[in-house]
Amino acid sequence: MAREGDRGASGGAEDDPPIFNAENLQSNIKSIHYSRTFLSIIGGVIAGIWGFTGLTGFIFYFLVMAAASFGLAAKAKFSICTYFDSWNRIFLDGIFGGLMSFVLFWTYPLVRKKFVVNCC
Amino acid sequence: MRIGFMVGILGGILLAHAGYATIQYRGMLKIVEEEFSRPPMNVVVELLLGLAFCIWAALAAPAKFRSIHPDSEENRIVSLPANLDFMIFNHRGKVFPCNAEYKLKK
């Protein structure tokens, strides 16, 4: 029976690319994206409150992302091939995208404080 | 998922409280004319606790991972729709290998 979005690739030969359920793969990738974005924001807030400056803040961000990667791998029961098409999805995707959100929330209280102090 | 949300909200509340405590601490430091280097230890503990809760919520709240293999147990189609008038079975899917040993899933 026909089912939309069901097959990523198909064929009858022996060395064909593997077939994935594209809908489930996309749902899994979206789930990772939500997790990483949320943790980037939370990481930025914590770095701002703690008072990190310079390289320390970026090191803190990569530590939070490493913890997130480990947590995501654990959520996938450490069998990445069952839920994703590549290990990069868990360990690399979304790290540099979240960096901008982190910097925004990290520096926001400092910028606001400077602006308010200069105005008054 | 609901528990994930509640834990995330609790983590957010902890972070907000830690932020407020840090602002109060900085105000106090301004009065005694000292430089701010890091918040007090109890605020640091609160920040780490809030981070732990938020990491847990970030992993638990979004949807569970679903298997991407079409022949995995959770992707099996276990029943046909009630109206079979528009179902087509003579299509290109017949080139896929067939596992004749599948039992009916109850």
Side-chain angles (χ1 to χ4, degrees), chain A residues 1-3 6-8 10-13 18-43 45-53 56 60 63-64 67-68 70-77 79-85 89-90 109 113, chain B residues 4 8 11-12 14-23 25-26 30 35-39 43-44 46-75 77 80-81 84 86-97:
Chain A
M1 60 212 82
R3 189 170 158 201
D6 204 22
R7 304 285 183 248
S10 62
I19 300 167
F20 297 134
N21 185 326
E23 200 180 313
N24 286 358
L25 178 62
Q26 206 172 33
S27 160
N28 295 346
I29 290 171
K30 229 193 298 188
S31 180
I32 289 183
H33 177 71
Y34 290 154
S35 300
R36 285 214 188 272
T37 305
F38 176 68
L39 282 177
S40 299
I41 292 171
I42 294 296
V45 168
I46 291 177
I49 294 173
W50 203 317
F52 289 140
T53 53
T56 318
F60 178 73
L63 282 174
V64 170
F70 180 77
L72 289 166
K75 186 177 175 179
K77 302 183 192 78
S79 65
I80 310 294
C81 303
T82 312
Y83 302 104
F84 299 96
D85 54 348
R89 300 275 185 208
I90 290 266
K113 192 175 127 194
Chain B
L14 278 175
L15 292 181
H17 182 262
Y20 182 71
T22 305
I23 290 170
Y25 178 67
R26 279 189 188 234
K30 259 195 216 127
E35 278 290 318
F36 173 81
S37 61
R38 60 169 186 81
V43 174
V44 169
E46 207 174 351
L47 283 174
L48 291 175
L49 206 59
L51 177 63
F53 282 164
C54 288
I55 288 178
W56 199 90
L59 296 172
K64 276 178 62 162
F65 290 151
R66 291 184 282 188
S67 172
I68 59 171
H69 296 299
D71 49 358
S72 81
E73 195 59 28
E74 64 182 73
N75 285 338
I77 295 166
L80 296 173
L84 292 178
F86 299 100
M87 303 281 325
I88 301 166
F89 296 100
N90 183 23
H91 53 68
R92 291 175 292 177
K94 63 182 157 222
V95 302
F96 283 118

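Letters go in sequence order (proteins before strands), and every chain restarts at 1.
- Within 6.0 Å of NE2 on B/H69 lie more than 12 heavy atoms contributed by other residues, nucleotides or ligands.
- When the shell of 6.0 Å around CZ of A/F70 is examined, it contains 12 or fewer heavy atoms from other residues, nucleotides or ligands.
- Atom OH of B/Y20 has 12 or fewer heavy atoms from other residues, nucleotides or ligands within 6.0 Å.
- Using a 4.5 Å cut-off between heavy atoms, B/L48 touches chain A through its side chain atoms alone.
- Only the side chain of A/F38 comes within contact range of chain B, judged by heavy atoms closer than 4.5 Å.
- In this structure, chain B has heavy atoms under 4.5 Å from both the backbone and the side chain of A/A76.
- Ranking A/S31, A/S79, A/G51 against chain B, the residue ahead of the rest is A/S31, based on heavy-atom pairs under 4.5 Å.
- Closest non-hydrogen pair, A/K75 versus B/K64, comes out as CE-CA, 4.3 Å.
- Of all heavy-atom pairs between A/W50 and B/P39, the closest is O-CD, 3.3 Å.
- Both the backbone and the side chain of B/S67 come within contact range of chain A, with heavy atoms under 4.5 Å apart.
- Looking at every heavy atom in both residues, A/S35 comes nearest to B/A58 through OG-O, 2.7 Å.
- Shortest non-hydrogen contact noted between A/I46 and B/L47 is CD1-O, 3.9 Å.
- Looking only at heavy-atom pairs under 4.5 Å with chain A, the residue among B/A21, B/C54, B/G19, B/G11 that has the most is B/C54.
- Closest approach of A/F60 and B/L51 over heavy atoms only: CZ-CD2, 4.3 Å.
- Distance CD1/A/I49 to CZ/B/R26: 10.0 Å, rounded to 0.5 Å.
- Between B/F65 and the choices A/T82, A/N24, A/L25, A/I32, the side-chain contact (heavy atoms from CB on, under 4.5 Å) rule is met once, by A/I32.
- We find the CG-CG distance between A/L39 and B/L59 to be 6.5 Å, quoted to the nearest 0.5 Å.
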